[in-house]
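Only this structure's heavy atoms are used, side chains among them; waters, hydrogens and symmetry mates stay out. Numbered from 1 within each chain, the chains take letters A, B, ... in sequence-line order.
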Protein chains: 2
Amino acid sequence: MSADCPSRVVLQRIGDKWTPLIVQALKDGPRRFSAVRAAVEGVTPKVLTQSLRSLERDGIVARSVYAEVPVRVEYRLTPLGESLLVPLDAVRAWAESHAGRILEAREAFDAVAD
Amino acid sequence: MSADCPSRVVLQRIGDKWTPLIVQALKDGPRRFSAVRAAVEGVTPKVLTQSLRSLERDGIVARSVYAEVPVRVEYRLTPLGESLLVPLDAVRAWAESHAGRILEAREAFDAVAD
DNA sequence: TTCTATAGTTACCACGTGGAAACCAGGCCT
DNA sequence: AGGCCTGGTTTCCACGTGGTAACTATAGAA
């Protein structure tokens with residue numbers, strides 16, 4: 001694990017604030033922009049656009065525009081994006097069983113910090 | 001996966017720049033500050049201290065000070081920290097087999113971007 | 001008293017991410 | 001001409017992370 005390790009690319013990719021939530025929101029099939037926005041509570045349009053563009057750039061989501069009226073834009077996971085669900089689930093599983101311990105540790109640490 | 005999901009805590013923890021490298025550096029046993037610094041190339045003392053303190057706060061690494069001359073300080077993974085190696089390896093495995101695809105996707109995307 | 005070694009700390013700064021609020025574009029509908 | 005709908009864009013800003021460089025603390029050894 002050196003400084004330019006491929007894991008670094010991936011960890012920074014999935015470690016950002018919205019990536020995991022967006023990927024989860026798309027795991028059951030294509031969704032429109034406003035549907036993703038509703039599913040991922042708290043995200044602003046600007047940031048959602050940024051995140052989706054970035055995921056599209058990385059080949060994790062695909063964007064399709066349908067020339068209807070009004071215009072319809074769908075986002076879906078690519079096969080690469082779907083395969084990302086596997087390690088993401090591993091992290092989620094660990095998180096669900098250990099996040100409590102982390103929070104306890106933080107409280108204990110902060111309590112001692114004079 | 002809501003906004004205050006435990007996965008978020010964990011993902012932001014392992015998604016930062018130095019956490020995965022430090023954890024890897026400690027996976028084979030205790031190391032001193034300067035040994036970690038040497039193992040994790042490119043980290044400055046300030047940032048290493050910050051990262052180690054933060055990992056200590058989260059109960060992932062433990063810090064031991066030995067009153068020798070000169071002083072010796074050792075860092076090691078706690079059991080919690082060792083269990084973190086599992087999802088970290090899952091991510092690493094995914095990264096090693098898919099990082100290339102991400103980089104290709106980026107180049108392709110950037111090439112099209114007029 | 002000065003040098004050495006370890007393990008930091010301090011002050012300052014640059015950058016990127018993310019957020020708030022307002023605005024924009026295409027196109028049918030009335 | 002004005003309104004509505006989706007899917008954004010634009011501007012401006014606050015904050016946290018990370019980086020540089022220099023400095024500190026402790027204490028034995030020369």
Within residues 49-57 of chain B, find the residues that approach DNA chain C with a heavy atom at under 4.0 Å, and present them sorted by residue number. Thr49(B), Arg53(B)
Of all pairs that satisfy salt bridge (charged side-chain N to carboxylate O under 4.0 Å, His left out), the ones with a partner from residues 17-26 of chain A, not counting sequence neighbours: none
Side-chain contact, heavy-atom cut-off 4.5 Å: Val10(B) with Ser7(B)? no
Students should find this one: the first and last nucleotides of DNA chain C, 5' to 3', lying under 4.0 Å from a heavy atom of chain A. What are they? dG18(C) to dC28(C)
What residues, two or more places apart in sequence or in another chain, satisfy side chain to side chain contact (heavy atoms under 4.5 Å, CB included) together with Val71(A)? Val65(A), Val73(A)
Closest non-hydrogen atoms of Val40(B) and Val43(B), given as atom of the first, atom of the second and distance, are O-CG1, 3.2 Å
May I ask you to list the residues of residues 60-72 of chain A, by number, that have any heavy atom positioned under 4.0 Å from an atom of DNA chain D? Arg63(A), Pro70(A), Val71(A), Arg72(A)
Pairs involving residues 22-31 of chain B, ordered by first then second residue, that meet salt bridge (charged side-chain N to carboxylate O under 4.0 Å, His left out) (sequence neighbours left out): none
Side-chain N or O of Ser34(A) less than 4.0 angstrom from OP1 or OP2 on dG7(D)? yes
d(CG, Asp16(A); P, dT17(D)) in whole Å: 15 Å
Taking only residues two or more places apart in sequence or in another chain, which ones pass side-chain hydrogen bond (donor to acceptor under 3.5 Å, both in side chains) with Arg57(B)? Asp110(A)
Between the two end axes of the helix from dT1(C)-dA30(D) to dT30(C)-dA1(D), each built from 5 base pairs, what angle do you get to the nearest 10°? 30°
All heavy atoms of Pro20(A) vs all of Leu88(A), minimum pair found to be CA-CD2, 4.3 Å
Could you work out which one of dG18(D), dT10(D), dG8(D) sits closest to the side chain of Lys17(B)? dG18(D)
Are any of the side-chain heavy atoms of Val23(B) and Val61(B) separated by less than 4.5 Å? no
Among residues at least two apart in sequence or on other chains, which ones pass side chain to side chain contact (heavy atoms under 4.5 Å, CB included) with Arg53(A)? Thr49(A), Glu56(A), Arg63(A), Tyr75(A)
Ser54(A): partners by side chain to side chain contact (heavy atoms under 4.5 Å, CB included), with sequence neighbours left out: Arg13(A)
Main-chain N/O of Ala93(A) paired with Ser97(A) side-chain donor or acceptor, under 3.5 Å: yes
May I ask you to say what Arg32(A) touches in the nucleic acid, namely base, sugar-phosphate or nothing, with a heavy-atom cut-off under 4.0 Å? sugar-phosphate
Applying side-chain hydrogen bond (donor to acceptor under 3.5 Å, both in side chains) as the test, list every pair that has at least one member in residues 100-109 of chain B; sequence neighbours left out. Asp58(A)-Arg106(B)
Mind checking what makes side chain to side chain contact (heavy atoms under 4.5 Å, CB included) contact with Ala90(A), not counting sequence neighbours? Ala90(B)
How long is the line joining CD of Glu41(B) and P of dG19(D), in whole Å? 13 Å
Hey, which sits more toward the 5' end of DNA chain D by its nearest nucleotide, Lys46(A) or Val73(A)? Val73(A)
